[in-house]
Engineer: 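Pasting a structure below so you can have a look.
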Amino acid sequence: MAKPFYRLQRFLRRMQLFFLFLGVAYIMAGSVLLLQRASLVVSPRGGSVLPPPSLPSPPRALVAPVAGSRYGWMAPIEVTAEGQPPNGQRGPHWLASRNLEIRHLRRRWFHSLMSEQETAKGDGGPPRKKVRHKGTYVGCFLDDTKERGLKGTVFYDFRKMSSILCQDACSESGYQFAGLEYGSECHCGNRISSPRTREEDCNLACKGERGSSCGGVGRLSVYKVEEVLPSHRRYRNVRYKGCFEKPLNTTAAFLFHNLQPNLTWQSCVETCTDKELPLAILRRPDCFCGYTSHHFTLHRMLPEERCALANTTSPLIPKDKDFFQVYQTPVQDARCTDRKFLPEKSNHLVALSSFPGAGNTWVRHLIELATGYYTGSYYFDGTLYNKGFKGEKDYWKSGRTICVKTHESGKREIEMYDAAILLIRSPYRSLMAEFNRKCAGHLGYASEQHWKGKEWPEFVGSYASWWASHVLDWLRFGRRLLVVHYEDLRATLVPSLQAITAFLNTSASEDRLLCVESNQDGHFKRPPGAQRHAFDPFTPDMKRLIDSYILTVDQALRDSNHSGLPQEYMPR
């Protein structure tokens, strides 16, 4: 009896090992297939990241509208490798639309860019440093969305936040204190304006630093950063806002005034940063600090000539006493920084649709500040999620976000939404912005080598037609549309945002809109000092191709009872 039992036991043990081997093989095969489908780029530990694969050549045959049809049935035509039809054909009748092949090409390329890899060049978040700060832990403090414990700038990193990272970010922006909250938020300031609380309340671990405390829910773990002399401070987020007219009552308009005989814009920005105020307003020898308000708005920027130069030794100080130069300090206006998901799930899905490179991320930033609600996304971009777009990780049909980002088009994809904001930007600017993002991330610039290589003409040949077909599809299949032109939004920010919030069935207070105006760029604008190419990347053939699309889209907008494209788009 024992012998058969022993044989059965040995057989079962062998089968157990056999099934374990099959399970491991299955998992490994699935992982390989998943990596291939996602087009992931893997680098060895400590090695350099491999460059993304080259863009496949565009398909030889695209689809264009039949002559005489109105954005309707499509017939195939031949297109050269640079996106041009043979035999010199021109005009809207050969507008290329998506067939199955080019649609797969675009989606494969676009989704391959949606990785969580962060570019070291031009990153808008906290800088990565290997040198450890000698900061001192101060304690656990209360933090409230209406009355912040630290009132300077705020950084997010939902993946790699650590106390060292936060201290580095605050130190480089000229702040004395760094506070961590929710395990992923970094708050900076020059004074702590909230009371101390129990140490056990700061009980959330840092996302990027095991075993260390990064605050809690409404609690800040505060550090005194390493002392930096004023002459060595580097302000990372200072932006010049422009030249503006003097307010009628400077006492009511500004919260702080300081006379500086040797005034420079750097000294005024430093003064206002120390006072934790977001605007530095200069007119020699006066330095004012404050917020935007109905006493002093940033609605009307005047020509720079009005803020004439005082002398050659201080070239940026206005001489005219009726006009001020305005700078955005690193301090954030906290009147519009609180955001949340919708209190009740909505069954009404609103798309924020645009061609890639049209400024969708920037408009999401504006909508979140103006409404106080998170925006969602049809995709998942880990970089955007790590930098504060919490709705990026939410399921796009959850109904918890006020609108949903998408670059998709086509009847099925469009009819999933009950309404849409259709964001349109000049195809020249959009193509360049998306190519920059493809080569160097959200805030970087493509190198001259990229522009002069083979990828750029292939990119234009494939993506230029998509710019047009994207708009035409949404005009044809969209149920309720609000058309927003990127350039108009830049020029008339507050009225355009009021129209957008009304379309979203919400409202924005005057204080929130003024706060949005002050914080409109956020951390998602390419730095103006970055290196750009010094040549026109568009060839004459590319311009003829794109101009024909512009004329077609302009006519389609007018036929659909929308205003046409801005005049600056139109071919000359």
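A quick note: this is a predicted structure, and the numbers were derived from the prediction, not measured.
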Engineer: Is there side-chain contact between V483 and L423, with at least one heavy-atom pair below 4.5 Å?
Structural biologist: no

Engineer: Is the positively charged end of K224 above the ring of Y175, judged by distance under 6.0 angstrom from the centroid and angle within 45° of the axis?
Structural biologist: no

Engineer: For the side chain of N258 and the backbone of C287, is there at least one donor-acceptor N/O pair under 3.5 Å apart?
Structural biologist: no

Engineer: Report the residue from F355, Y569, W362 that forms a ring pair (Phe, Tyr, Trp, His ring centres under 6.0 Å) with Y486.
Structural biologist: W362

Engineer: Report, as yes or no, whether the 6.0 Å neighbourhood of atom CG on L259 holds more than 12 heavy atoms from other residues, nucleotides or ligands.
Structural biologist: yes

Engineer: Any salt bridge between D381 and K405, counting N to O under 4.0 Å?
Structural biologist: no

Engineer: Between W396 and Y417, what is the ring plane arrangement, given parallel below 30°, perpendicular above 60°, and tilted in between?
Structural biologist: tilted

Engineer: Show the nearest heavy-atom pair for residues S496 and D488, with the distance to one decimal.
Structural biologist: OG-O, 3.8 Å

Engineer: R335 and side-chain contact (heavy atoms from CB on, under 4.5 Å): which single residue from L369, N519, L514 fits?
Structural biologist: L514

Engineer: Check step by step if side chain to side chain contact (heavy atoms under 4.5 Å, CB included) holds for L220 and Y182.
Structural biologist: CA-CA 8 Å; L220 284 170; Y182 295 110; over 6 Å; no

Engineer: Are I192 and F177 packed together at the side-chain level, in the sense that at least one heavy-atom pair is separated by less than 4.5 angstrom?
Structural biologist: yes

Engineer: Without swapping roles, check the side chain of H299 against the backbone of L493 for a donor-acceptor pair under 3.5 Å.
Structural biologist: no

Engineer: List the atom of Y223, the atom of S213, and the distance in Å for their closest heavy-atom pair.
Structural biologist: OH-O, 4.2 Å

Engineer: For W451 versus P537, what's the shortest heavy-atom pair and its separation?
Structural biologist: CE3-CB, 3.7 Å

Engineer: Which heavy atom in F141 sits nearest to a heavy atom in S194, and how many Å separate them?
Structural biologist: CD2-O, 3.5 Å

Engineer: Kindly say whether E517 contributes a backbone atom to a donor-acceptor pair with the side chain of Q520 at under 3.5 angstrom?
Structural biologist: yes

Engineer: So, does T271 use its side chain to make a donor-acceptor pair with the main chain of S267 at under 3.5 Å?
Structural biologist: yes

Engineer: With rounding to the nearest 0.5 Å, note down the distance linking NE2 in H485 to CG in L422.
Structural biologist: 8.5 Å

Engineer: Is it true that C170 and C186 have SG atoms closer together than 2.5 Å?
Structural biologist: no

Engineer: Quick check for you: to the nearest 0.5 Å, what is the distance between S293 atom OG and E510 atom CD?
Structural biologist: 8.5 Å

Engineer: Quick check: do T501 and T506 have side-chain heavy atoms less than 4.5 Å from each other?
Structural biologist: yes

Engineer: Taking the six-membered ring of W467, is NZ or CZ of R425 closer than 6.0 Å to its centre and within 45° of its axis?
Structural biologist: no

Engineer: So that I know where these two stand, are F296 and F254 an aromatic pair - ring centroids less than 6.0 Å apart?
Structural biologist: yes

Engineer: If only atom types and distance count, is the side chain of S162 paired as donor or acceptor with the main-chain N or O of L165 below 3.5 Å?
Structural biologist: yes

Engineer: Please check this pair: side chain of E487 against backbone of P566, looking for a donor-acceptor N/O pair closer than 3.5 Å.
Structural biologist: no

Engineer: Apply disulfide bond (SG atoms under 2.5 Å apart) to residues C214 and C202 and explain how you reach the verdict.
Structural biologist: CA-CA 7 Å; C214 274; C202 291; over 6 Å; no

Engineer: About how many Å separate OG1 of T361 and CG of L366, when rounded to the nearest 0.5 Å?
Structural biologist: 11.0 Å

Engineer: Are the side chains of T329 and L279 in contact, using a 4.5 Å heavy-atom criterion?
Structural biologist: no

Engineer: Indicate yes or no: at least one non-hydrogen side-chain atom of V363 is less than 4.5 angstrom from one of L489.
Structural biologist: yes

Engineer: Would you call R364 and S377 a side-chain contact if the rule is heavy atoms closer than 4.5 Å?
Structural biologist: yes

Engineer: Under the criterion ring pair (Phe, Tyr, Trp, His ring centres under 6.0 Å), which of F288, W265, F244 is the partner of F324?
Structural biologist: F288

Engineer: Going by heavy atoms in the side chains, are S163 and E209 under 4.5 Å from each other?
Structural biologist: yes

Engineer: Could you report the tightest heavy-atom contact between T406 and N360, atom names first, then the distance?
Structural biologist: O-ND2, 4.1 Å

Engineer: Should V350 and L504 count as side-chain neighbours, where that means a heavy-atom distance under 4.5 Å?
Structural biologist: yes

Engineer: Using modelled atom types and a 3.5 Å cut-off, is there a donor and acceptor pairing between side-chain atoms of R196 and backbone atoms of V138?
Structural biologist: yes

Engineer: Taking all non-hydrogen atoms of both residues, which atom of E392 and which atom of F380 are closest, and how far apart?
Structural biologist: O-CD1, 3.6 Å

Engineer: So, taking the atom named CZ in R339 and the one named OG1 in T375, what distance separates them when rounded to the nearest 0.5 Å?
Structural biologist: 8.5 Å

Engineer: Quick one: do R429 and E434 satisfy salt bridge (Lys or Arg N to Asp or Glu O under 4.0 Å)? Show the steps, please.
Structural biologist: CA-CA 9 Å; R429 297 287 186 183; E434 179 63 6; over 6 Å; no

Engineer: Does the S221 side chain pair with the main chain of G215, one donor and one acceptor, at a distance under 3.5 Å?
Structural biologist: yes

Engineer: Can a donor-acceptor pair be found, under 3.5 Å and without considering hydrogens, that links the side chain of S509 to the backbone of R512?
Structural biologist: yes

Engineer: Carefully, step by step, assess L180 and E185 under the rule side chain to side chain contact (heavy atoms under 4.5 Å, CB included).
Structural biologist: CA-CA 6 Å; L180 297 109; E185 296 182 6; over 6 Å; no

Engineer: I'd like to know if K246 pairs up with D322 as an ion pair, taking the criterion as any Lys NZ or Arg NE/NH1/NH2 lying under 4.0 Å from an Asp or Glu carboxylate oxygen.
Structural biologist: no

Engineer: Does NZ in K241 sit with more than 12 non-hydrogen atoms of other residues, nucleotides or ligands closer than 6.0 Å?
Structural biologist: yes

Engineer: Between I500 and I367, does a side chain to side chain contact (heavy atoms under 4.5 Å, CB included) hold up when you go through it step by step?
Structural biologist: CA-CA 8 Å; I500 291 173; I367 290 174; 4.0 Å; yes

Engineer: Just wondering, more than 12 heavy atoms not from N249 lying within 6.0 Å of its CG?
Structural biologist: yes

Engineer: Does R191 pair with E276 as a salt bridge, N-O distance under 4.0 Å?
Structural biologist: yes

Engineer: Just wondering, are more than 12 heavy atoms of other shown residues or ligands nearer than 6.0 Å to NE2 in H294?
Structural biologist: no

Engineer: Carefully, step by step, assess C140 and V222 under the rule side chain to side chain contact (heavy atoms under 4.5 Å, CB included).
Structural biologist: CA-CA 6 Å; C140 185; V222 179; over 6 Å; no

Engineer: Tell me whether R300 at atom CZ has more than 12 heavy atoms from other residues, nucleotides or ligands lying less than 6.0 Å away.
Structural biologist: no

Engineer: Under 4.0 Å between a side-chain nitrogen and a carboxylate oxygen: does that hold for R400 and E344?
Structural biologist: no

Engineer: Kindly compute the distance separating CG (D201) from CZ (R219), expressed to the nearest 0.5 Å.
Structural biologist: 4.5 Å

Engineer: Just verifying a value: how many Å separate I402 CD1 and T371 OG1, rounded to the nearest 0.5 Å?
Structural biologist: 4.0 Å

Engineer: Is the SG of C272 found under 2.5 Å away from the SG of C289?
Structural biologist: yes

Engineer: Does the N190 side chain pair with the main chain of Q176, one donor and one acceptor, at a distance under 3.5 Å?
Structural biologist: yes

